[in-house]
Amino acid sequence: FMQRGLDSQTKKQLEEEEKKIISEEHWYLDVPDLKEKESCIIEERSFLRCEDLVYGRMSFKGFNPEIEKLMIKMNSKCKEEEIEEDDKMEADVSDEEMARRYETLVGTIGKKFLRKRDQRVLKDDDEDDEVEEGNSNIRPSKRAKKMFLKPQD
Amino acid sequence: AAPQGRLLCGPGLRRSGAGLLVTKCGLLRHRPAGGGAYWVDSQQKRYVPVKGDHVIGIVTAKAGDVFRLDVGGSEPASLSYLAFEGATKRNRPNVQVGDLIYGQFVVANKDMEPEMVCIDSSGKSSGMGIIGQDGFLFKVSLGLIRKLLAPKCEIIQELSQLYPFELVLGMNGRIWVKAKTVQQTLIIVNILEACEYMTAEQRRQALAKLSGN
C-alpha cells in the first residue's frame, strides 16, 4: 500500500534532478547590470509639437461657414488658457438679463399657485395698471381684499 | 547641463549618448514654454511623412478596400475606406481616382508604408476628408507652409482682407485654394507663391495694387 507514496517521492526526485540539469545548461551573462540611463530628451520628428501651428483648413469672409466654425473651435482649443481668464466676456446671457428674467419668471410661476381670490385681485391690479395711472387713489379701496363682514344685527 | 524635466528635441536634432547631434542645416530655434524645446528650422522642398501631420493627398488608385494616395513622399500612402467619418462596410465613401483628400498620418516611419486616416482619435472628421470640387492645387516649399501656419501670420491676414476664399494647407507643401472666380483664385495662387521671396514691403505694395483694381 506504500507503492503510490513511493512513486510520488521518486517522481519528485526525478523532477528535481531534471531541474538541476536544465538550470545548469542555461546560459547567463557574467556581466554586471548596466544602469539604465534616464533620458531627459525626447526625440520628435514633427514640427507640429514644436511650433504652435494653426489648423490647416481655413476659410475667409464667409466662403465656407462650416470651416469658419471649425477654425474657431480648433484655434480655441490651443488657447484655452486665455479663455478661462476672461470668463465674464464668454457668458451667453449677461447678468442684467438674468436678473430681469428671474423677476418675471418668479411672478408668472408664482401666479399659478395662488388661490382663486388672490388671482382675481391680481388680475384687477394688472388691468388697472394698464388702463390708468392717475386714479390710483380711488382704486386702493377696491384693491383691498374683501374681508369677512360680520352680519349686522 | 542636463535640464530638469524632459526636453523636446525636434526635427533636425538627434540624441547621441548624452548629447545632441545636428542633422540638418538651418537656424536653431528654442521654445521655453512647456518644458523647453529645441529644433532646427531648415528649408526643404521634399516632404518626409511624419506621424500626426495633416497633408493633402491625391488618390492614384483604388485597391480593394484601400486607396493609394500620393503625398509627395517616397512611397504612396494607404488610406482605408473605413477611416472616414460615418463609414461602414455598407456605407462606403464616394472617393474617385484623382480626388483630393485632407488627412493625417497615423503610421509614418522609414520602415513601413505610411498610412493615413481622415478621422481623429475621437472618431470625428474635424475638417478632414475629401476636399470639394473646383479650386487650384499647387506646391510650395515646406518652410513657406510653416510660415503661413504660424499663429497671426501677416500674409494670411492681409490676404483675408481682399476677397472671400477658402484655403487648405498641407504640411507636404501642397496648398489648395478656391475663390469665387477663376481670376481671384489665380491671383491668390500667385501671391502665395511669390510671397516666399518678397519682403513685407513688396507684398503690401502688390496687395495695394490689387485692392485698388
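Every chain is numbered from 1, with letters handed out A, B, ... down the list of sequences. When reading the values below, keep in mind they use all heavy atoms of this one structure, side chains included, and skip hydrogens, waters and symmetry mates.
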* Asked: Under a 4.5 Å heavy-atom cutoff, which of B:Gly36, B:Ala179, B:Gly10, B:Gly127 has the most pairs with chain A?
  ->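 Going by pairs under 4.5 Å, I would pick B:Gly127.
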* Select, from B:Leu159, B:Ile145, B:Leu8, B:Leu13, the one with the greatest count of heavy-atom pairs under 4.5 Å involving chain A. =>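 Top option by heavy-atom pairs under 4.5 Å: B:Leu8.
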Which atoms of [X] come close to chain A, meaning under 4.5 Å heavy atom to heavy atom: side chain ones, backbone ones, both, or neither?
X: B:Val177; answer: neither
X: B:Met171; answer: side chain
X: B:Ile131; answer: both
X: B:Arg14; answer: both

Expected output: side-chain [X] to main-chain [Y] donor-acceptor under 3.5 Å:
X: A:Glu51; Y: B:Ala150; answer: no
X: B:Arg31; Y: A:Cys50; answer: yes
X: A:Lys61; Y: B:Phe165; answer: no

If I compare all heavy atoms of [X] with all of [Y], which pair ends up nearest, and what's the gap?
X: B:Tyr102; Y: A:Gly56; answer: OH-CA, 3.3 Å
X: A:Ser46; Y: B:Asp53; answer: OG-OD1, 4.0 Å
X: B:Val48; Y: A:Arg45; answer: CG1-NH2, 3.5 Å
X: B:Arg146; Y: A:Leu53; answer: O-CD2, 3.9 Å

Rounded to the nearest 0.5 Å, how far does [atom2] of [Y] lie from [atom1] of [X]?
X: A:Asn64; Y: B:Leu167; atom1: CG; atom2: CG; result: 12.0 Å
X: B:Leu169; Y: A:Arg57; atom1: CG; atom2: CZ; result: 11.0 Å
X: B:Met128; Y: A:Leu70; atom1: CE; atom2: CG; result: 9.5 Å

Over 12 non-hydrogen atoms of neighbours within 6.0 angstrom of [atom1] in [X]:
X: B:Lys51; atom1: NZ; answer: no
X: B:Met198; atom1: CE; answer: yes
X: B:Gln157; atom1: CD; answer: yes
X: A:Tyr55; atom1: OH; answer: yes

* Heavy atoms, side chains only, cut-off 4.5 Å: are A:Phe60 and B:Leu162 in contact? ->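 No, every pair of side-chain atoms sits at 4.5 Å or beyond.
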* Side chain proximity check, A:Phe63 to B:Lys178, heavy atoms < 4.5 angstrom ->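 SC-SC contact between A:Phe63 and B:Lys178 confirmed.
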* To do: Decide yes or no on side chain to side chain contact (heavy atoms under 4.5 Å, CB included) for B:Leu149 and A:Met58, but give the supporting numbers first.
  => CA-CA 10 Å; B:Leu149 281 176; A:Met58 311 180 203; 4.2 Å; yes
